Structures are given as structure tokens and as C-alpha cells.
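The block underneath contains the structure these notes are about, expressed in C-alpha cells.
All values derive from a computational prediction rather than experimental measurement. Chain A is the first sequence line, chain B the second, and so forth, proteins listed ahead of strands; every chain is numbered from 1. Heavy-atom basis, side chains included; hydrogens, waters and symmetry copies ignored.
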Amino acid sequence: MAKVVICTAWPYSNSPIHLGHVAGSLLPPDIFAKYHRLKGDDVLMVSGSDQHGTPVTVKAEKEGVSPEEIAERYHAINSEAIRGLRIDYSLFTKTHTENHFEVVHDVFLHLLEKGHLYKKETLQYYCSHCMRFLPDRYVEGTCKNCGNEKARGDQCDTCGTTFAPGELENVRCTLCGSVPELKETEHYFLRLSAFQGPLIDYVRDKSYWKANVQTFTKNWLEAGLTDRAITRDMTWGVSVPLPGWDGKVIYVWFEAVIGYLSASVEWAKRSGNPDAWKDFWMDPTVKHYYFLGKDNIPFHTIIWPAILMGYGGLNLPYDVPANEYLTFKGEKLSKSRGVSIDIPSMLQKFDPDIIRYYIAAEMPENRDSEFSWEEFEIKTNNELVATLGNYYHRVLSFTYRNYGCVPEFKGSADERREVIDAIETASGQVDEYLSTCQFKKALKVVMDLAQFGNRYFDRVAPWALVKTDKDKCGTVLNLNLEIVKSLAILSYSFMPRSAEDAWELLGYDETIMKNGWQWLGTYVKVGQQLQEPRPLFSKVEVDRGDRMFGEFEKLDLRVGVIDAVNDHPNADKLLVMDVDIGKKIKLVAGLKTHYPKEKLLGKKIVVVANLQPAKLRGIESQGMLLAAESKGKVLLMTPAADAPAGEPVNSGMTPSARMLSFSDFQKLVLLVGQIASQDSADVGRIVKCKGPCGMTSIGKKVGVFLPSADSADALVLCTKGGVPIAVDGDIENGAPIR
RNA sequence: AGCGGGGUGGGGUAGCCAGGAUAUCCCGUCGGGCUCAUAACCCGGAGAUCGGUCGUUCAAAUCGACCCCCCGCUACCA
């Protein structure tokens with residue numbers, strides 16, 4: 001029996017966890033942990049909510065509540081969601097605890113004593129308007145390297161350059177927009193540069209790490225390590241355990257990783273043996289695994305090992321199987337970007353095993369993988385329900401009905417060997433794949449065994465044998481039950497709920513976990529009473545009907561009237577217009593070469609009212625007008641002449657009030673469609689149409705929305721009153737609108 | 001245009017790092033079987049010059065060079 005420590009990245013407690021967390025840092029470690037527990041290993045799996053840090057304070061400021069309230073709220077929500085997913089931590093705690101403070105203080109003082117920390121005066125941005133020092137993400141400016149104007153205080157997300165204070169140009173405070181000044185402040189630094197050599201030695205024998213993890217780490221080490229500040233001018237966080245350091249806290253990146261250790265200590269205290277954690281952290285033979293998303297790699301392969309080395313006597317990470325991203329509609333799932341499918345609401349609709357199955361089957365182990373509701377439905381219904389679920393059910397229900405218990409095996413050794421061989425081969429592979437964190441492959445093997453079961457069941461046809469040769473029938477059912485039993489054990493790590501249910505239906509008094517993997521080596525007991533079977537999985541249906549045009553609601557379109565038109569002082573093709581959309585806004589548009597100014601004045605147009613303002617050549621555009629474009633031709637989309645300014649163009653739906661980024665807008669498919677009949681339109685091909693396309697509209701060219709580029713359905717753009725939005729002239733069907 | 005990620009039968013994917021014999025799996029499609037099972041299961045067929053060209057090699061989806069195209073972020077696209 002080996003000891004294993006499994007650590008998983010700590011989710012920020014400023015929002016509910018989403019599918020990206022499950023795919024990246026929740027499900028893989030749980031599968032791994034369940035596997036080790038089945039094998040009889042002693043697993044310590046810890047994590048918790050990362051409650052400090054700027055994201056929490058940002059959210060708190062937005063809502064006007066204390067950071068603590070936010071931190072606690074989402075800790076509760078996320079703990080519940082994690083339980084709901086059947087993810088079994090030894091302890092899922094949080095960072096805002098007395099225990100965590102103690103452990104962090106201990107580590108801090110140890111490092112200080114050993115000379116790994118030092119004090120230094122630095123320059124920090126201070127906003128005199130907001131009366132505070134600004135964290136890096138509150139500072140925006142121009143990157144001197146690539147010219148990106150939205151670089152953050154500490155680094156440029158575009159080109160990856162990192163900045164020392166003062167290196168960023170054109171700085172401004174993102175809270176109030178004023179120009180912050182640099183002010184002296186004193187901070188502690190971690191002497192990371194001193195660990196360069198030891199870290200290179202540490203990484204040397206890690207050839208078993210995933211390629212992406214090795215590359216990333218190597219690049220960091222080759223670039224050379226620089227010392228990093230580990231304190232901040234803030235009040236929400238872990239205090240600095242020294243006199244005179246009020247108003248400063250320990251920086252979250254330094255403090256959060258120590259959570260792995262503090263959570264282990266807390267777990268030990270709660271278990272009644274306060275020293276129990278030492279068996280896991282001080283015995284060098286115990287392997288430590290860290291599961292996280294790729295954005296977290298350097299913290300776990302460089303910084304955390306450095307802290308551990310500095311502290312001394314504690315185990316370093318053995319493996320860091322970082323995953324890539326799960327994407328949705330091609331974008332990274334991320335709460336900060338609003339692309340998110342959160343777990344609490346998913347759990348209300350779906351069985352956790354179904355979510356776990358899908359994520360495990362599509363896990364972004366080596367490259368980003370795409371989540372889609374369609375695939376979710378297909379994989380669930382055709383693989384999980386139809387292959388595994390159906391096999392469980394046909395074997396159990398047939399046997400139950402005809403025998404009521406496990407029938408006796410009266411066949412030859414050869415007959416048995418065929419089935420046992422298949423099981424042994426499968427379990428050998430699952431064992432190998434799971435022990436090396438190759439979860440997708442392991443799951444595939446399990447599903448292949450289920451398919452083997454289906455084939456076998458078909459071939460031996462017990463429904464025929466039961467009428468002619470009951471002994472023989474019992475024999476083959478006995479073997480099928482053997483497969484069912486094995487499937488329950490092998491699938492347990494992935495789908496614990498259904499595995500336990502199947503186990504119960506097989507009539508076992510003891511749990512799977514009782515003997516774990518060793519159950520594979522014992523035959524099902526002849527005569528064991530079966531429970532009345534029920535299907536173990538249900539099909540899912542994703543409601544496409546209502547959702548179909550859901551994306552359209554992202555757009556807040558309004559009728560606008562052009563009040564004034566002027567040349568852009570600083571651009572050849574741009575015009576600056578004042579537009580009335582119920583309120584006055586300024587638009588910058590590239591219409592100069594397509595429309596004469598006088599023709600635009602007073603014209604009615606359609607405006608995207610909730611687009612994030614953007615500066616175009618120095619002048620801010622507070623929206624965007626819709627126009628069809630094809631082969632260099634640009635034609636405005638125009639509402640009916642009597643539509644008042646500000647009238648919503650909502651096609652009978654409820655638009656969202658939130659701002660839309662330009663890239664999100666670009667993902668929406670708006671095309672020119674010619675109304676072909678009462679319920680269809682020609683966009684280069686015929687699509688089914690929803691919206692007002694009565695007889696009088698046939699032949700007209702209007703704007704339509706498509707849920708996706710290849711969709712067979714479309715929604716006609718129209719005002720609240722039901723009048724379609726027409727193209728200002730003739731243009732080919734299917735021309736894009738932007 | 002800069003940076004990053006990709007192009008594999010109708011759609012979605014595996015394989016690529018460590019090159020080899022009929023290129024995987026799911027859906028769809030065509031035909032058949034079975035009727036125990038959640039219209040599920042099983043068998044068989046059709047359908048791919050693995051984006052293109054050149055090269056390395058006995059052997060290339062896999063390695064190298066160049067090109068084309070797509071997506072994300074960025075930008076005088078709004």
C-alpha cells in the first residue's frame with residue numbers, strides 16, 4: 001500500500017466553477033484518486049477555495065459587499081458543486097482560515113530566517129484619486145515591446161513581455177481612468193534567482209512529464225529567474241507576520257500554493273492525528289501529483305518547488321499533468337470573459353456521471369478540445385446510455401427475470417477463458433493508463449469492454465438458450481455477469497454513481513471500495529440474489545428549440561437616426577456621426593467611400609447599442625451600425641420609415657443588457673436573406689425562417705440571424721412592431737452583415 | 001500585418017512528439033441480422049490521394065522546407 005498526495009489547483013471563490021475547471025483540475029485528479037483508492041493506496045487529496053486575491057475584491061466592490069462575503073458565498077456554492085460531481089477530496093477547505101494563516105506565516109518566517117526573502121523599496125503605481133496603491137490588473141498602458149495598448153501593469157498578455165514598474169507607457173488607472181503616479185513602497189521579495197541551479201537539477205529527471213509542461217518549464221528556466229515580490233499593498237489577504245507591516249498582505253500567488261500544505265495540515269488536525277500530514281509530506285517515497293490547467297504550470301513547476309526547497313524537508317512535485325483548455329464555440333471557457341457553463345446549474349439538469357463521462361471522453365489532455373451541447377447529447381445517448389447502460393441493463397434484467405440470482409457456471413475452462421481473457425486484458429490496460437494519467441485511453445478501454453459484452457451477449461443469445469438449455473444459458477449469463485461486475489469496477493473511477501448502482505443490482509452486500517481492484521480476481525458468487533434491475537442511465541435531451549436563437553439575445557439592436565455627419569480628422573475612410581438611438585451617441589464608421597455625407601444625414605439605420613466602445617483612430621465609437629457588405633459594396637440596413645429612434649430591433653426576443661465585445665459580435669452570423677416564402681428565405685441556400693415574412697414581404701431582401709453559419713434555420717431581424725429590416729439597395733443573397 | 005492553435009471519408013474526432021503492413025472511434029448513410037434490452041444491440045457495405053508541393057527514408061498522416069486555407073488574440077475592419 002503506497003501513499004499518494006494529489007493536489008488540485010484552487011478555484012477562485014469569486015464565481016461558480018464551470019466546465020473548464022472540471023476538465024482541467026477537478027475531474028482528472030478525482031479519477032486518479034479513485035483509482036488509487038481502489039488499488040488500496042492511501043490517498044491524500046486536498047484543495048480548497050482561493051479566497052484572497054484581486055478577483056474577489058473586484059467582485060466585492062462591484063456588489064458593494066465585503067470580500068469575505070463573496071469569498072464565503074462562492075466557497076459554499078463550489079463546495080456543494082464539487083460534492084454534487086462526486087469528487088471526493090480528503091479535504092476541500094479554503095484559504096481564509098486561521099490554520100492557513102499559521103502555515104503561511106510559518107513558511108514565510110522560515111524562508112526569511114534562511115535568507116530566501118529580502119526587503120526592498122520599490123516603485124508602485126498609486127492612484128491619488130482612488131487613494132490606493134494599484135494592483136497590476138488595475139493598471140493599463142501601452143506595451144513598449146509590441147505596442148498593445150491594453151497591457152497590464154505587470155505584463156503584456158499579447159506578447160508576454162513583463163514589466164518593471166515604470167516601464168509601461170501611457171499608464172492609467174482602470175478604476176477611475178486617471179493617471180497614477182509611482183510611489184515608493186517596501187516589499188518582501190522571494191530570492192527566486194537563487195533557485196535557478198537547484199531547479200534545473202530538479203527538472204532534469206522529469207522526462208516523464210507531459211511535453212507541454214516540460215517545454216513551458218524549460219523556457220522559463222532558460223529565460224532566467226527573477227526575484228518576485230511576495231507582498232502587496234492591500235488589506236484583503238494573509239497578513240505579514242512582522243511588526244509594522246499593517247496594510248500589506250502576502251501576495252496571493254505565494255500564499256495560495258502554500259494551501260496544499262496548509263490543507264494537509266488541517267486534514268491531519270481534523271483526523272485526530274495532527275502529525276498525520278508528515279507521513280505524506282516528509283517521506284521521500286511518497287509521490288505528489290498536481291493537477292491544473294496550462295496557465296498554472298510555472299507556479300507548480302518553478303515557484304512552488306522553489307518555496308518547498310527553501311523551506312526544506314518537504315516533498316517536491318513528482319508529476320504535474322497539466323491539461324489544455326476546454327473550449328466552447330472555439331473560445332476558452334472563462335468566467336472573466338463570460339463564456340461559461342457553470343456546474344451548479346448543470347447539476348440541476350444532469351446526472352453527475354453523465355457530465356463526468358462526457359468530460360472524461362473529451363478531456364483536453366494534449367490539445368484544446370471543444371465542448372458542444374450537440375456532442376454532449378450524442379456522446380451520452382449513443383455511447384454511455386446505448387453501449388454501457390444498455391449492456392448493464394440487458395444482462396441484469398434478463399438474468400433477474402429468469403434466474404433471480406447468479407446462475408451456476410457449468411461450462412468448460414475454454415469457455416470461461418475467452419471472457420476472463422477479455423476482462424484481464426482490459427483491466428491490465430485500464431490499470432496501466434490510469435496509473436500514468438492517460439484518462440481518455442483508459443475510458444476507451446472500459447467502453448470497448450462494454451462493447452465486447454454486447455457482442456458476446458448477442459453471440460451466445462441467452463434468450464434462445466433459455467428455452468432449450470437452461471444450464472448452458474445459466475453458464476453464459478454467469479460469464480456476462482462477470483463482465484458486468486468488471487465494468488462496474490473499471491468504470492468506478494470515472495462514473496462512481498452508476499458503478500455503485502450496478503454493484504448493488506448485482507446483489508453485493510459489501511461496497512466496491514471494500515475490496516476494490518481485488519474484486520476483479522474473484523468470481524461472482526453463484527446463488528447471490530440479484531436486485532430488481534432498473535436502467536442506470538437516462539438519455540439526455542438538450543433543448544435546442546428555445547436555445548436555437550439564444551445567441552441573438554446577446555445583441556441589443558436599436559433603430560437610430562443620424563443627426564450629424566463629419567469627417568474623421570485623422571482617417572481617410574472614417575466618418576464620425578451623431579446618432580439618436582433614444583439617447584445620443586457618437587459612431588465612427590468606415591462609410592466615407594460608400595455613402596455621401598448628405599445622403600446619410602437624417603437616415604434611419606440599425607445600431608448595435610451594447611457593443612463595447614472602442615477608439616478608432618483616436619475617436620471613441622459608442623456603437624456600430626449594421627451594413628451588408630459584398631465585393632466591396634456596402635449597403636446600410638434600414639428599418640421602416642416610421643420606426644422611431646430607439647425602437648428595439650429584437651425580433652420579439654429579450655436582448656441582454658450586458659456589453660458585447662467586438663470579437664463576440666463577430667461570432668454572430670448575420671446575413672442578407674431574400675424572403676422566399678412565408679417561412680423560408682434564400683441566403684445563398686434556402687433556410688427555414690422564423691419571423692414576420694408574410695406574403696407582402698416575399699422577394700424582399702432583409703437581414704437574418706443564423707445560430708451558426710451552416711444552420712438550416714434563420715431568424716428575420718425586425719423591430720419590436722414586427723417590421724423587417726431591409727437592405728438599402730440590391731445585394732447578393734447571403735452577403736454578410738456587419 | 002504580428003503572436004498563438006489548427007487543416008484526417010458528409011459532420012465531429014483518434015493517431016503525429018519516439019516514421020512501418022487493411023488510418024481509429026462517434027454520428028449520418030446503404031444493406032442485413034436479432035428481438036433479451038432505454039427504437040437499443042450485432043454484422044456487413046459505400047465513402048479519405050490524411051490542405052498542397054518538394055525533400056529525407058527501404059518506408060511519411062507521422063520528420064524537414066516552402067506555400068495555401070481556417071480559427072483565436074492584436075491592429076485605421078465598426
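Distance CD1 (A:Ile354) to C1' (B:U38): 12 Å, rounded to an integer number of Å. A:Ile378 has its CD1 atom 17 Å from the P atom of B:C25, to the nearest Å. Look at NZ on A:Lys441: it is 14 Å from C1' on B:C25, rounded to the nearest Å. Regarding A:Leu479, its CG atom lies at a distance of 21 Å from the P atom of B:C36, rounded to whole Å. Rounding to whole angstrom units, CG of residue A:Leu443 and P of B:A14 are separated by 14 Å. Across the protein-nucleic acid pair, A:Gln438 atom CD and B:A18 atom P stand 16 Å apart, rounded to whole Å. Protein atom CG of A:Leu530 is 19 Å distant from nucleotide atom P of B:C36, rounded to whole Å. Atom CG in A:Leu636 sits about 12 Å away from atom C1' in B:A78, given to the nearest Å.
In this structure, CD1 on A:Ile31 lies 6.0 Å from CZ on A:Arg356, to the nearest 0.5 angstrom. Interatomic distance, CG of A:Asn454 versus CG of A:Leu388, reported as 9.0 Å (0.5 Å rounding). Taking CG of A:Leu384 as the start and NZ of A:Lys539 as the end, the distance is 11.5 Å to the nearest 0.5 Å.
Salt bridge annotation for A:Glu415-A:Lys472: present, with a cationic side-chain nitrogen under 4.0 angstrom from a carboxylate oxygen. Comment: A:Asp580 does not engage A:Lys604 in a salt bridge, judged by the lack of any side-chain N to carboxylate O separation of less than 4.0 angstrom.
A:Pro462 comes within 4.0 angstrom of no nucleic acid atom, judged by non-hydrogen atoms across all strands. Residue A:Tyr392 is classed as having no contact, given no heavy-atom separation below 4.0 Å to the nucleic acid. Among the heavy atoms of the strands lying under 4.0 Å from A:Leu536 is at least one base atom, whether or not backbone atoms are also near. Counting any heavy atom pair closer than 4.0 Å across all strands shown, A:Arg401 reaches sugar-phosphate atoms only and no base atom. Across all strands shown, A:Phe457 has heavy atoms under 4.0 Å from base atoms, whether or not it also approaches the sugar-phosphate.
Considering only heavy atoms from C-beta on, A:Arg497 comes within 4.5 Å of A:Asp351 through its side chain. Put simply, the side chain of A:Thr380 reaches to within 4.5 Å of the side chain of A:Phe376, judged on heavy atoms. Between A:Leu27 and A:Phe494, every side-chain heavy-atom pair lies at or beyond the 4.5 Å cut-off.
Spacing of P atoms, B:C69 relative to B:U57, comes out at 31 Å, to the nearest Å. Comparing B:A61 with B:G15, their C1' atoms are spaced 8 Å from each other, to the whole Å. The P atoms of B:C43 and B:A59 are separated by 37 Å, rounded to the nearest whole Å. Atom name P, nucleotides B:U13 and B:C26: the rounded distance is 16 Å, in whole Å. Rounded to whole Å, the C1' atom of B:C68 lies 7 Å from the corresponding atom of B:G51. Between B:U49 and B:G9, the distance separating the two P atoms is 8 Å to the nearest Å. Comparing the C1' positions of B:A1 and B:C76 gives a spacing of 13 Å, expressed to the nearest Å. Between B:G12 and B:A21, the distance separating the two P atoms is 27 Å to the nearest Å.
For A:Lys444, taking side-chain heavy atoms from C-beta onward, the closest of the listed nucleotides B:A37, B:C25, B:C36 is B:C25.
Side-chain contact annotation: A:Tyr392 with A:Asp501, donor-acceptor N/O pair under 3.5 Å absent.
Nearer the 5' end of RNA chain B, as judged by each residue's closest nucleotide, is the contact made by A:Glu383, out of A:Ser397 and A:Glu383.
A:Trp463 qualifies as a stacking partner of the B:C36 base, centre to centre under 5.5 Å and near-parallel within 30°.
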Q: Starting at the 5' end of RNA chain B, write a dot or bracket for each base, bracketing those in Watson-Crick or G-U wobble pairs whose two distances are under 3.5 Å and using | for partners on another strand.
A: ((((((((.[[[..)....(....]]].(((((.......))))).....[[[[[..)....]]]]])))))))....

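Checked against salt bridge (Lys or Arg N to Asp or Glu O under 4.0 Å), A:Lys379 has the following partners two or more places apart in sequence or in another chain: A:Glu362, A:Glu383.
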Look for any protein N or O under 3.5 Å of an N or O in nucleotides 41-44 of chain B and output each such pair with its distance, or none.
{"from": "B:C41", "atom 1": "O2'", "to": "A:Arg394", "atom 2": "NH1", "distance (Å)": "2.8"}
{"from": "B:C41", "atom 1": "O2'", "to": "A:Asp458", "atom 2": "OD1", "distance (Å)": "3.2"}
{"from": "B:C42", "atom 1": "OP1", "to": "A:Gln451", "atom 2": "NE2", "distance (Å)": "3.4"}
{"from": "B:C42", "atom 1": "O4'", "to": "A:Asp458", "atom 2": "OD2", "distance (Å)": "2.9"}
{"from": "B:C43", "atom 1": "OP1", "to": "A:Arg455", "atom 2": "NE", "distance (Å)": "2.6"}
{"from": "B:C43", "atom 1": "OP1", "to": "A:Arg455", "atom 2": "NH2", "distance (Å)": "3.4"}

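At the phosphate of B:A40, OP1 or OP2 sits under 4.0 Å from a side-chain N or O atom of A:Lys539.
The number of heavy atoms from other shown groups lying within 6.0 Å of NZ (A:Lys599) does not exceed 12.
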